[in-house]
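Okay, so here's the structure we're looking at.
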2 protein chains.
Amino acid sequence: MTTEASRSRIQTRNRQAILDAALDEFSARGFAGVTIDRIAAAAGLSKPNVLYYFASKQAIHRALLDGLLDLWLAPLREMDPGGDPQHEVLAYVRKKLALSQSHPRESRLFANEVLQGAGHLGPVLQEDLAALVADRAAVISRWIAQGRIAPVDPHHLIFSIWALTQHYADFEVQVRAVLGPGHDPYAEAGAFLDMLYRRLLAV
Amino acid sequence: MTTEASRSRIQTRNRQAILDAALDEFSARGFAGVTIDRIAAAAGLSKPNVLYYFASKQAIHRALLDGLLDLWLAPLREMDPGGDPQHEVLAYVRKKLALSQSHPRESRLFANEVLQGAGHLGPVLQEDLAALVADRAAVISRWIAQGRIAPVDPHHLIFSIWALTQHYADFEVQVRAVLGPGHDPYAEAGAFLDMLYRRLLAV
DNA sequence: GCGGGAATTGACCATTTGGTCAGGATCACG
DNA sequence: CGTGATCCTGACCAAATGGTCAATTCCCGC
């Protein structure tokens, strides 16, 4: 097993360059649309050298996908069952939107993957993801039962947050085409979503 | 120019079979992930025969994309500026959700395309789409000015409708993984979205 | 500064794939 | 039925691509 510490400086640098280049490529073209040559060029390496660090194109893709779900779900994990319901949901929305803004490539990689049937993510989705959501949905249900937020379907509330926040990363070209220049999509989205969830959840 | 009427029965049938098979494939794997052979097999034809009907793989893809935007935007076009604001928005949401349910492949094809930079759709997006949205945003702004719905950013209101409805088609595997069996995602989504937009727009 | 493992590469290979083409089968129609 | 146009196919090609490998260069600890 190659541990993180056991890697030389060159290893670390080149592996990182490859993963970064690959994230660019895969998120913008999908798995099949990418060639190892492109990744190599973008990383400033030769093709055989890329294959010296990763066994195959698949392996690069997998390395990228591993851990992606963790990053993606972190904000949901951070939702505090003991906090103020309305504040917790709004905080989640804001964090998720910030994630779309700071990690649009990851968002698109994820979208590409799910869109195309989630081959590699499939099992993880049904286990980890479903479990986490079930847990959070239960928390939200409790808040509703206590009359602290308005009644809504907790699952679809979560879906709505995913859809609304990821939309700005995944459909960025469309958003920009529609808004035209001179707009800050994320700033406007922040205000809009804040208002939306305030009104939706107000008792 | 080959007009619709000038096509023989065989032409019509085979072109249709090819487009249908290609829609399956492209929506599920993206442009690069599809081979002409796969399309041919799915359509029950040989590869050269497919190329007898379409000049290239690109041509099939383009044929699919042409007209897609029209289908996609039809419900927005149907929004009646003279109607009741709240009813018009809710009707739009319902139609768009119904479209996701009845045409998930088209939704995913569109998502794939936009996600990957909208190469072919790009120009159309900036012209037709931007113009239509600008027009509808103006209508919504008027409704707000008249105090007939609550104040919201019209552009982001429209984005939210796209995001929330298309999510159920584009991320279907995720939605199903989270909900588990025994759920009717679209029925639940219909109720949820109805409530969401009622609360958002209530004066 | 040197020895050995790590890093890198040019050349190469097999397979896949988009696309062509010449000819054969089939159909519509007089 | 016959004939011309439409429809279809097997065989083929060139380019692209994932991946291999032997040989070479580089780097780091001694």
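Heavy-atom basis, side chains included; hydrogens, waters and symmetry copies ignored. Note that this is a predicted model, so its numbers are computed, not measured. In what follows, every chain begins at residue 1, and chains take the letters A, B, ... in the order their sequences are listed.
Note: A:F110 and A:W72 have tilted aromatic rings, judged against thresholds of 30 and 60 degrees for the angle between ring planes. Using bins of under 30°, 30° to 60° and over 60° for the plane-to-plane angle, the ring pair A:H167/B:W162 lands in the tilted bin.
Between A:D66 and A:R62 there is no salt bridge, since no side-chain nitrogen of the basic residue lies less than 4.0 Å from a carboxylate oxygen of the acidic one.
Taking both residues in full, the closest heavy atoms of A:A21 and A:A42 are given as CB-CB, 3.6 Å, listed atom of the first, atom of the second, then distance. Pairing each heavy atom of A:A43 with each of A:A17, the nearest pair is CB-O, 3.7 Å.
The stretch residues 19-31 of chain A does not touch DNA chain C, since none of its heavy atoms comes less than 4.0 Å from the strand. Contacts between residues 43-51 of chain A and DNA chain C, defined by a heavy-atom separation under 4.0 Å, are made by A:S46, A:P48, A:N49.
From A:L73, atom CG reaches atom CG of A:L68 across 9.0 Å, with rounding to the nearest 0.5 Å.
For A:S160 and A:Y197, the side-chain atoms include at least one donor-acceptor pair closer than 3.5 Å.
Taking atom CD1 of A:I10 as the reference point, atom P of D:dC27 lies 6 Å away to the nearest angstrom. Here C:dT17 presents its P atom at 17 Å from CD of B:Q58, a figure rounded to the nearest Å. If you measure from atom CD1 of A:I36 to atom C1' of C:dT15, you get 14 Å, rounded to the nearest angstrom. As rounded to whole Å, 11 Å separates atom C1' of C:dG19 from atom CG of B:D37. Whole-Å rounding puts the A:Y53 OH to C:dT9 C1' distance at 13 Å. Distance A:N14 CG to C:dA6 P: 15 Å, rounded to the nearest Å. Remark: C1' of D:dA15 and NZ of B:K57 are 14 Å apart, rounded to the nearest angstrom. Nucleotide C:dG19 holds its C1' atom 14 Å from the CD1 atom of B:I39, rounded to whole Å.
Ring centroid separation for the pair A:Y168 and B:H156 comes in under the 6.0 Å cut-off.
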Stepwise salt bridge (charged side-chain N to carboxylate O under 4.0 Å, His left out) test for A:R105 and A:D20
CA-CA 10 Å; A:R105 295 179 306 171; A:D20 192 66; 3.2 Å; yes
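A sub-4.0 Å separation between OP1 or OP2 of D:dT6 and a side-chain N or O of B:Q11 is absent.
The nucleotide whose nearest atom lies closest to any side-chain atom of A:Y52 is, among C:dA7, D:dG19, C:dG18, C:dA7.
Residue contacts shown for A:F54 are absent, as no nucleic acid heavy atom lies under 4.0 Å away.
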